[in-house]
Amino acid sequence: MKYVILLGDGMADEKIAELDGKTPLQYASTPNMDRLAAGGETGMVHTVPDGFPPGSDVANLSVMGYNPREYYTGRSPLEAVSMGVELSDDDVAFRCNLVTLSEEEVYENKIMVDYSSDEITTSESHELIREVANRLGSKELRFYPGFGFRHLLVWKTGPVGGKLTPPHDISGRTIAPYLPKGEGSDTLKRLMKESNRFLPEHPVNQKRVRAGLRPATSIWFWGQGKKPSIPKFYDKYGVTGSVISAVDLIKGIGICAGFDIVKVEGVTGTIHTNFRGKVQAALEELKKGKDLVYIHVEAPDAASHRGETVTKVKAIEMVDNMLGQLLNKLDEFGMYKIMLLPDHPTPLSTKTHSNSPVPFVIYAKGRKNKSAASFDEETAAKSGLVFRAGHELMDYFIRS
Ligand SMILES: O=C(O)[C@@H](CO)OP(=O)(O)O
């Protein structure tokens, strides 16, 4: 038996007037998703337990079959695993975004213009993080370059308890109420403010401005936590697997779970990613003998955070196209099951995640199911099948 999970990050949404009162999933042309629903089983899954932040970290842990209540220690330490940064027991990892802030004199009065610095490229951001590390780093505070706008600070004996805010939650807002609070906040604020003194002048940023792109004018910390430890997926399910994703978070969860991580050229975490390359890599992994592939696509979420409705619809259609390519080839492997779902909703109306349940569809070759006419939030909710503990969906997918 082969297992395929195709996850469109942030794909679920709400009905919006701009799309004739439909959700992006309902509005987009998704013949392959609908074909899957017609032959498969749809339902709803709560991927974010009560009291947890509705992040991709929590939600993807659930989808992979791990209860966040037992295994969640924060987002950044999972990314550190993927980046190859070994954390010791007293290290605390912080996500360090490169963000664009507005130009007001006083730091606190600035606005969060763009949590991604206009989707800054990895090569540009590495130069900037090197500069940050040279000027602000120390033996206790180590900076590591990551992917795109996503980087890492490791603070020796740092605090885990501070209140930090994801920058994609505050697009267009004045930053003052969202600056670090509580444990360690003085140090974190000092680093953020100091970065804003030299980053805007950096040649990389000046070049971006000349090209009409937003500069990365400050660092921004959030997502802190300590070294994670989760049981191996194989020990739970007796299934080997590979993860295909652009982002370190998903790759980090995969590594912790004992999956292989497949590098695909040209993946960006945006609508410009190499969708076809991801499908080809997944099929290769199955051919090489892997039982399961977990394909994560960031593009719908990125479009939602940017409030770009047309791009979100296009991203969903690209996921549908990936699904079509997979379905055309999977018969070659004999028996298979495929599950399609988002990790969490990222409504365009708020430009950030919500903790509402998400629709899923499971198609098992050769199995007859009560079929649904389409794959979307409304139709899946009507099916009556609901997983309240999100991590139990994986048990159902593998074992039923
Ligand atoms: O990596 C991140 O910073 C965020 C936003 O892009 O990702 P996600 O919304 O998937 O948590």
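One-based numbering along the sequence shown. Atoms within each ligand, like the ligands themselves, are counted from 1 in listed order. Just the heavy atoms: all of them, side chains too, but no hydrogens, waters or symmetry mates, feed the values below.
Taking the six-membered ring where the residue is Trp, the centroids of Phe387 and Phe360 are separated by under 6.0 Å. If you look at His168 and Trp222, their ring centroids are closer than 6.0 Å.
Ion pairing between Arg135 and Glu194 fails under the 4.0 Å rule for side-chain N and carboxylate O.
The same ILVMFWY cluster, assembled from side-chain heavy atoms under 4.5 Å apart, contains both Leu283 and Leu340.
Residue-environment remark: NZ (Lys232) exceeds the threshold of 12 foreign heavy atoms within 6.0 Å.
Of the possible polar contacts, one joining the Asp13 side chain to the Leu348 backbone as a donor-acceptor pair under 3.5 Å is found.
Within 4.0 Å of ligand 1, counting heavy atoms only, the contacting residues are Asp9, Ser56, Arg75, Arg95, Tyr115, Phe149, Arg150, His168, Trp222, Glu298, Asp301, His305, His353.
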